[in-house]
S.K.: 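First the structure, then my questions, so here it is.
Counting starts at 1 for both ligands and their atoms, following the listed order.
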Amino acid sequence: MGVHVASQSPSKSTIIKDRTKILIYSFIFILLIFECESSSSKDENRERDALLMFKMSLKNAEAVLRNWNNPPRLPCPRLGSSRTTPPWRGVICLNGNVCGLQLDCLKLSGDIDVDSLLELDKLRTLSLMDNKFEGAMPKFRKLGGTLKSLCISKNNYSGNIDDDAFLGMSSLKRLDIADNRFSGEVPTSLASSMRLLELRIENNRFVGTIPEFPPTLVKFNASNNQLQGRIPPSLCDITDTSAFSGNKDLCGPPLESKCDESGSSSSPNQIVSKANENMSILHVISVIISCLLAIATLVMVYLQLDMKRDGEKDGVTVATTPKGDGKLTFFRDNYGCFDLQDLLRASAEVLGSGNFGSCYKATLMDGHCVVVKRYIHMTNCGKDEFHHHMRTLGNLSHPNLLPLIAYYYRPQEKLLVYKFVHNGSLSKQLHGDRTNEKKAGGLNWPTRLTIIKGVAKGMVYLYKKLPNLLVAHGNLKSSNVLLDKWMQPLLMDYTLLPVVNVEQAHNLMAAFKAPAFCKQGRIDKNLDVWSLGILILETMTSQKLPSTHGSELERWVETIEREKVFDKEMGGTENAQAQMTMLLEIGLKCCKVDEVEKRPELIEVANKIQQLDEKDI
Ligand SMILES: *[C@@H]1O[C@H](CO)[C@@H](O)[C@H](O)[C@H]1NC(C)=O
């Protein structure tokens, strides 16, 4: 299901309203995570002058870069000084230095003065996407071996790119020159960036063959050029062949078209002799072998990266993280490129602070929002163990699980970065101020049943994927069920038991508030079923749960069982009423206190839920 973070712009009014709060939290946030590193004012003046020089080389910059001005303003506000002055527009700062420029979609043009950027020695990312630059590609190579990400897609650059244009740019991880009018051959110097992870050259006019790239490449697109010949072995495991579509004559795996001897695609009406056929079989075998070799190399490089990541202080991440930063480790690369410093610079809005940890919504500079959750009760878990478990979580993917995008490890605290979704939590929808939204049809019966069905699906997925865990979710409750803009539920805070301090579990995690656990201290595999039951009762009645665990919860369940009062807001016809009663019964069955053994299995419950009918006829 494609809920796109990009489409969620921050609510400006909330941000301004909570300004003071934001300031305080941003400040705490920074103190918590970052060892401050002050920069000399000499540096700052140098950076300011460099940027002003750079700006002078741009056309149409005066209006859009109005806040790039002379003293007293500096490109990056100094740490410790008042945080009310933001950095200059499009300037990404780290520890008071310029580490990135992101000047996308500003209708800029002109002859970029690359030399001026040489003065920015902390510059790691440069993005000039979707502007009006034209002519030959500037000599970015001068920026040398420290630049990690360069995006100049969606401009009008044209002409050949020198073969050595990227020579020596050994740190480059991401290069995006798509959607221009570049012609000539793809420069082979790109192959010298041994760290290249992402390369996009689609929608240009490149001709010739695709050069061999380092096996680090994980994202590649060369579609809609005029490329031909054999696809190099390093790219043969790209499964989405749209990366090669719209070219003149590409052949070989992963495409279906075979290459003939000369390396060009064999056309179907060619007469193939027996000998040729044998040749091509040999060819195919050799290609398969080289592909296998390439895959093996790839796997080895990854293992090495992983080992490095685990063993090193200065972690390697799959994203473009400047060296020396806190290490955000990424799982998913389609959530915009951001780093820890972007998170820190982001305006943070507190979403909630439970006993487990606080939760922030961070709005990145490019408008993307993410949810950052901070955990402090994970200190018993060793580093390797933690990384290992996070990788397990990062591999989970289901439409009803909130995707984990990245995490950050420190002995005393952990940050998990999740995708942001729009409608807040189920808890907020059930118990929050609903006077405004309500009338728009908010949480009617079909919506509630859809939510419960989605939750059940997510839970079943967790149990299928993690058969070895007794309690696969562990913290299912309405505040951990987020709702996207179509009111589809997304589970959050799942599967943390293996890394949480066990002695705290009963204070922290919903499943451990189950009377069965409180009374007998027994972790049985149906604790999650109990949580699901509670969630169903809460959703159907909109009754708030008592804040304590154990007997008070028992009484809460008993009251609901006795009164069976649905939330009137649900509406519903007679048929719907019958379905509602059935769902409530399922919920009550999950919460049976005395008969843990008789409590149904999750699969069983889920099946029953899926059979219910939301049609309100
Ligand atoms: C490559 O780019 C083309 C054109 O922009 C797009 O349609 C296609 O989905 C992309 N494929 C991949 C694998 O990124």
S.K.: Would you call the rings of Tyr407 and Phe386 parallel, tilted or perpendicular, taking 30° and 60° as the class edges?
M.R.: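 The arrangement is perpendicular - the two ring planes meet at more than 60°.
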S.K.: Evaluate the pair Cys99, Cys93 and indicate whether the two SG atoms are within a distance below 2.5 Å.
M.R.: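 The answer is no, since Cys93 and Cys99 keep their SG atoms 2.5 Å or more apart.
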S.K.: Side chain, backbone, both or neither: which applies to Asn203 and ligand 1 if a contact is any heavy-atom pair less than 4.0 Å apart?
M.R.: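 Side chain only.
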S.K.: Please examine the side chains of Phe182 and Arg205, heavy atoms only from C-beta on, and report whether any two atoms are closer than 4.5 Å.
M.R.: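 With C-beta onward as the side chain, the pair stays apart.
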S.K.: Looking at Leu483 and Leu426, what are the two nearest heavy atoms and their distance?
M.R.: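 For Leu483 and Leu426, the tightest heavy-atom pair comes out as CD1-CA, 4.0 Å.
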S.K.: Within the protein, is there a heavy atom lying under 4.0 Å from atom 7 (O) of ligand 1?
M.R.: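 No, because not a single protein heavy atom sits under 4.0 Å from atom 7 (O) of ligand 1.
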S.K.: Considering both backbone and side-chain atoms of Asp240, is one of its nitrogen or oxygen atoms within less than 3.5 Å of a nitrogen or oxygen in ligand 1?
M.R.: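 No - when backbone and side-chain N and O of Asp240 are compared with those of ligand 1, no distance drops under 3.5 Å.
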S.K.: For ligand 1, which atoms, with element, lie under 4.0 Å from some heavy atom of Ser223?
M.R.: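 Every atom of ligand 1 under 4.0 Å from some heavy atom of Ser223: 1 (C), 2 (O), 3 (C), 4 (C).
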S.K.: Return the residue, atom name and 0.1 Å-rounded distance of the protein heavy atom closest to atom 9 (O) of ligand 1.
M.R.: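 Sorting protein heavy atoms by distance from atom 9 (O) of ligand 1 puts Ser242 OG, 3.5 Å first.
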S.K.: So, are Arg141 and Asp164 salt-bridged, with charged N and O less than 4.0 Å apart?
M.R.: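 Yes, charged N to carboxylate O under 4.0 Å.
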S.K.: What protein heavy atom is closest to atom 14 (O) of ligand 1, reported as residue, atom name and distance in Å?
M.R.: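 Here the nearest protein heavy atom works out to Asn221 ND2, 3.0 Å.
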